[in-house]
2 protein chains.
Amino acid sequence: MTSLSPIAAFLPVTEDAGAATRTRNKLLRAGIAAFAELGYHAASTRLIETAAGVKRNLISYHWGSKDAFWKDCIDCLVGAMMLEFRAVDDQAVNVDGPERLRFFVRAFIRASAKYPEMHSIMLDEGKRNEDRLAWIVERHVEPVKARVEQLLADARRMGVAREIDLPSFYYALVGTSAMFTMAPECRMLFGIDPLEDAAITRHADAIARLLIPDQSLANPLTMKRRK
Amino acid sequence: MTSLSPIAAFLPVTEDAGAATRTRNKLLRAGIAAFAELGYHAASTRLIETAAGVKRNLISYHWGSKDAFWKDCIDCLVGAMMLEFRAVDDQAVNVDGPERLRFFVRAFIRASAKYPEMHSIMLDEGKRNEDRLAWIVERHVEPVKARVEQLLADARRMGVAREIDLPSFYYALVGTSAMFTMAPECRMLFGIDPLEDAAITRHADAIARLLIPDQSLANPLTMKRRK
DNA sequence: ATTAAGGCTTGTCGTATGACAAGTTTATCG
DNA sequence: CGATAAACTTGTCATACGACAAGCCTTAAT
């Protein structure tokens, strides 16, 4: 491994919440970064402990097993990402119609950019079909899918959705986060840093435009052609 | 690991090309599947050898190192994928204009569906910035990016491209293959098998429609607004 | 039939991993 | 002050890994 990617400080390490909590938080932060960058199997507990700057075996002591530690990492990451997501999405509390879906898409992409670890880990688990996949799908992915489904149905009812199936729409939405997840490749390939704020905004706007047509496009030629 | 995903037989194991070649091909097929499913670090040479049904240490014998073996796997995979890609893309040899870009997108997505291992491996390496990333970007990714860039520029010149930056377009294109890469998650989440031929066609068409506007959309309101 | 080489097999080494067990330190409270 | 538990530390084990070394078959040319 080269180096652990920087991760936003959503788990305070300085908070005076007791020594044990501080240790746990340091480990969770390092764990999220390591699981995202290396995958479950290649991210060893010893490596995570070293990255967190704590002594060997503390993961075993605090969580009992690597698997339980991983689940706690996911819960923390999802919690933090949801906070970020809502911070943007809630601005649309009074918005309706296609604008509503567009806000959702922008919020989702911004949150994905702030926590690329999530997409990384989902990609790692989503292709593997081990026990962890069922756990994370049921606990964290299903609600997101349900929300997307509802918003897309709303948009369709209003005749402002593109002609597209839910799975294609869903994977087009989550898949574009590859730009953030593959930041090293993106830097190499395009010479830009996709994690800069300006780049994030541009990407979020572009994908929102891609997924939700402008009002001006809502004409009978292209819309509501679904049988 | 649960099981290695089935992989198309682009490397014949029955060809009478000498015992050594047959052994090498069996290992390459198993290696591609394992690297895609588990990632470089978690896919051990012993596991790959077992999956290939050959004796221990034959990777070391034939390639000298795991790294050299990985590179050979990638070259084989890219070669096979390019064959599949051209089989579809070459149908557009006489096509021009926006249809040309649409053919490219469909061909790319069909090839990605047939060889989801490619996307898997790119995601694995693209986030890690180890030596292998520079190797694969320079050798295999750059040409694809250049082709996309050229086609997008052509489409723009004709005024039929969406208002979008190259990186966003590129990662929207490659990112949607997440549906195939995350086939286990997709089955769990949507109850459909994304690797079925009908599903592939639907997805490819949907994404092509998403990325390249219909001719009817080429109006001054939405087009050529780029400064 | 002998030889030699290519292809394969087995043995072993140094290192890494997750888990457990047994210790030691530190904090808290009566 | 002393005790008690929580927090941490260190030791160890069975297993797994990549690489190398040495030996063993099979084949084909002489």
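Labels below follow one simple rule: chain letters A, B, ... track the order of the sequence lines, proteins then strands, and each chain is numbered from 1. Basis for what follows: all heavy atoms, side chains included, without hydrogens, waters or symmetry-related copies.
For B:Thr23 and C:dC8, the shortest distance from a side-chain N or O to OP1 or OP2 is below 4.0 Å. For the OP1/OP2 pair of C:dT17 and a distance below 4.0 Å, the side-chain nitrogens and oxygens of A:Thr45 include no atom meeting the criterion. Taking side-chain N and O atoms only, A:Ser44 has a distance below 4.0 Å to OP1 or OP2 of C:dT17.
Atom-to-atom, CD1 of A:Ile48 to C1' of C:dT17 comes out at 12 Å; the value is rounded to the nearest Å. In this structure, B:Ile59 places its CD1 atom 14 Å from P of C:dT9, rounding to the nearest Å. In this structure, A:Tyr61 places its OH atom 14 Å from C1' of C:dA21, rounding to the nearest Å. Straight-line distance from the NZ atom of A:Lys66 to the C1' atom of D:dA16: 13 Å, rounded to whole Å. One atom, CG of A:Leu47, and another, P of C:dG18, lie 9 Å apart when rounded to the nearest Å. Between the CZ atom of B:Arg22 and the P atom of D:dT27 there is a distance of 11 Å, rounded to whole Å. Between A:His41 atom NE2 and D:dA16 atom P there is a gap of 14 Å when expressed in whole angstrom units. If you measure from atom CG of B:Leu27 to atom C1' of C:dC8, you get 12 Å, rounded to the nearest angstrom.
Here the side chain of B:His203 pairs a donor or acceptor atom with the backbone of B:Thr176 at under 3.5 angstrom. Of the possible polar contacts, none joining the A:Glu149 side chain to the A:Leu166 backbone as a donor-acceptor pair under 3.5 Å is found. Panel note: side chain B:Lys26, backbone B:Val54; no donor-acceptor pair is recorded below 3.5 Å.
In this structure, B:Phe35 and B:Phe69 have tilted ring planes: the angle between them lies in the 30° to 60° band.
Of the candidates C:dA21, D:dC17, C:dG7, D:dC17 carries the atom nearest the B:Arg46 side chain, counting heavy atoms from C-beta on. Distances were taken from every side-chain heavy atom of A:Lys55 (C-beta onward) to each of C:dC20, D:dT10, C:dC8; the shortest belongs to D:dT10. With D:dA19, C:dC8, D:dC8 as the choices, the nucleotide that has an atom nearest any side-chain atom of A:His62 turns out to be D:dC8.
For A:Ala42 and A:Ser60, each mapped to the nucleotide of DNA chain C holding its nearest heavy atom, the one lying further toward the 5' end belongs to A:Ala42.
For the pair B:Thr201/B:Glu196, no side-chain contact is recorded, criterion being any heavy-atom separation below 4.5 Å from C-beta on.
With hydrogens and angles ignored, no donor-acceptor pair under 3.5 angstrom links the side chain of B:Asn57 to the base of C:dC8. Judged by distance alone, with hydrogens and angles left aside, A:Arg56 brings a side-chain donor or acceptor within reach of the base of D:dG11, the pair sitting under 3.5 Å.
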